[in-house]
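Worth knowing before you read on, the calculation uses all heavy atoms, side chains too, and leaves out hydrogens, waters and symmetry mates.
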Amino acid sequence: MSNVIYLNFMAEIILEIKNLKKTYSNLKAVDDISLSLEKGEIVGLLGPNGAGKTTLINMILTVLEPTSGSILISGENPVENREILKSVNFTAVSTQVPGNLTIKENLIIFGMIYGIKNSKERINQVTKELDLVKFLDIKVGFLSSGEQTRVALAKALINKPTLLLLDEPTASLDPHISATIREKIKKYAEKNNAAVLWTSHNMYEVEGICDRILFISHGKIILEGNPRELPQKYKKKNME
């Protein structure tokens, strides 16, 4: 009689948040949020300005301390185990890469911060992927807004993060450049099996790239689902 082996194909959870809260006096910036991200999954966090999206990102990065609740990255508490943050990176519309340094100089410094081995090889690789090779020796301050956004993304990918946090990374960019950035991020997630949390208030953007979306309002998640299925489920023409 042949032996039958049953395999457990449970997805690996990269980010797990439970009952997270952040309050300022009487303001509930984040109000009892629970969510998880699996390896290789792109999740969109949608909501208006002031909904709590950036506050949530900052707590994951340990920039802000939660009032209560828990955050685990690959099963580890990032406050207790700072090493786990080497597998995390981020970029945001407000990210400012020093403009008086060249792209190469910036990436060398960020490579040192993350303790990257063979940083020269990694810099060559990430700048090639983001079409930045020809700008390597140009100071960032002389680049266009779209080029600077790609530099900020190169910074965010320099350590090959398994968890990538993106806080409205394409805000203020023209549609063509935004589409290019989205495609680069999607390819990165697929190639590296990375989990991506993408905050935005652009319905069209998240519908095109995210596997799942969460609507956040006044610090609470009020709706969740597949962006390509939600309009039909609620009998609407589109995500708007």
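- Side-chain atoms of Q148 come within 3.5 Å of backbone N or O of V140 as a donor-acceptor pair.
- Using a 4.5 Å heavy-atom cutoff, the side chains of P161 and V88 are not in contact.
- Here CG of L136 is found 10.5 Å from CD of E105. Values are rounded to the nearest 0.5 Å.
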Please evaluate residues T199 and D167 with respect to the criterion side-chain hydrogen bond (donor to acceptor under 3.5 Å, both in side chains), reporting the C-alpha separation (whole Å), side-chain torsions for both, the decisive distance (0.1 Å), and the verdict. CA-CA 5 Å; T199 79; D167 193 4; 2.5 Å; yes
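- Taking the charged nitrogens against the carboxylate oxygens, E83 and K86 do have a contact shorter than 4.0 Å, which makes a salt bridge.
- Counting only heavy atoms from C-beta outward, the side chains of I138 and T102 never approach each other to under 4.5 Å.
- Contact of the L35 side chain with the L37 side chain is registered, since non-hydrogen atoms from C-beta on lie closer than 4.5 Å.
- No side-chain donor-acceptor contact under 3.5 Å links R212 to the backbone of N226.
- A chain of hydrophobic side-chain contacts below 4.5 Å, direct or via other Ile, Leu, Val, Met, Phe, Trp or Tyr residues, connects F135 to V97.
- L20 and V79 fall into different hydrophobic clusters, where Ile, Leu, Val, Met, Phe, Trp and Tyr side chains are chained together by heavy-atom contacts under 4.5 Å.
- In the hydrophobic clustering of this structure, L164 does not group with V43; members are Ile, Leu, Val, Met, Phe, Trp, Tyr whose side-chain heavy atoms approach within less than 4.5 Å, directly or through other members.
- In terms of heavy atoms, I13 sits closest to S36 at CG2-CB, 4.2 Å.
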Chi angles and distances behind the side-chain contact (heavy atoms from CB on, under 4.5 Å) call for I60, L197: CA-CA 11 Å; I60 297 170; L197 182 62; 3.9 Å; yes
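- Ion pairing between K39 and E41 fails under the 4.0 Å rule for side-chain N and carboxylate O.
- Using a 4.5 Å heavy-atom cutoff, the side chains of E12 and I14 are in contact.
- For the atom pair CZ (R150) and CG (L130), the distance works out to 7.0 Å, reported to the nearest 0.5 Å.
- In the hydrophobic cluster analysis, where Ile, Leu, Val, Met, Phe, Trp and Tyr join through side-chain heavy atoms closer than 4.5 angstrom, L45 is grouped apart from V196.
- From L223, atom CG reaches atom CG of L214 across 9.0 Å, with rounding to the nearest 0.5 Å.
- Side chain of N19 to backbone of S68: no donor-acceptor contact under 3.5 angstrom is found.
- Side-chain atoms of L61 and L165, non-hydrogen and from C-beta on, do get closer than 4.5 Å to each other.
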Under the salt bridge (charged side-chain N to carboxylate O under 4.0 Å, His left out) criterion, do K184 and E129 qualify, and how do the steps go? CA-CA 8 Å; K184 300 291 185 185; E129 290 172 352; over 6 Å; no
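- There is a path of hydrophobic side-chain contacts, each under 4.5 Å, that joins I33 to V63.
- The side-chain heavy atoms of W198 and I185, taken from C-beta on, include a pair separated by under 4.5 Å.
- Rounded to the nearest 0.5 angstrom, S119 OG and N124 CG are separated by 9.5 Å.
- To the nearest 0.5 angstrom, R122 atom CZ is 15.0 Å from I108 atom CD1.
- A donor-acceptor pair under 3.5 Å is formed between the side chain of D174 and the backbone N or O of H176.
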Please step through side-chain contact (heavy atoms from CB on, under 4.5 Å) for the pair T170 and I177, ending with a clear verdict. CA-CA 8 Å; T170 63; I177 296 174; over 6 Å; no
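- Across every non-hydrogen atom of K139 and G99, the tightest pair is CB-O, 3.6 Å.
- D211 approaches P227 most closely through the heavy-atom pair O-CD, 3.8 Å.
- Counting only heavy atoms from C-beta outward, the side chains of I84 and S74 approach each other to under 4.5 Å.
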Kindly determine whether T62 and R82 satisfy side-chain hydrogen bond (donor to acceptor under 3.5 Å, both in side chains), including the steps that lead there. CA-CA 9 Å; T62 71; R82 305 294 294 180; 3.0 Å; yes
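- Here the shortest heavy-atom pairing between K186 and I42 reads CA-CD1, 4.1 Å.
- Scanning both residues, I103 and L132, for their nearest heavy atoms gives CD1-CD2, 4.3 Å.
- For the pair K191 and Y188, the NZ or CZ position fails the cation-pi test of under 6.0 Å to the six-membered ring centre and within 45 degrees of the ring normal.
- When side chains are defined from C-beta on, M59 does not count as touching E65, because their heavy atoms never get closer than 4.5 Å.
- For the pair T67 (side chain) and T23 (backbone), a donor-acceptor distance under 3.5 Å is present.
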Using the rule given for side-chain contact (heavy atoms from CB on, under 4.5 Å), can you reason through I158 versus I116, listing the C-alpha separation, both sets of side-chain angles and the distance that settles it, and then say yes or no? CA-CA 8 Å; I158 192 70; I116 297 170; 3.5 Å; yes
I222 and S217: CA distance, side-chain angles, deciding distance, side-chain contact (heavy atoms from CB on, under 4.5 Å) verdict: CA-CA 7 Å; I222 59 174; S217 179; 3.9 Å; yes
Can you check side-chain hydrogen bond (donor to acceptor under 3.5 Å, both in side chains) on S200 and E205, steps first, answer last? CA-CA 8 Å; S200 181; E205 181 172 78; 3.2 Å; yes
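- Checking side-chain atoms of K53 against main-chain N and O of P48 turns up a donor-acceptor pair under 3.5 Å.
- The cationic atom of K155 (NZ for Lys, CZ for Arg) lies less than 6.0 Å from the six-membered ring centre of F90 and within 45° of the ring axis.
- Between R182 and I209, the shortest heavy-atom distance links the atoms O-CD1, 3.2 Å.
- Put simply, OG1 on T180 and CD on E183 are 8.5 Å apart, with the number rounded to the nearest 0.5 Å.
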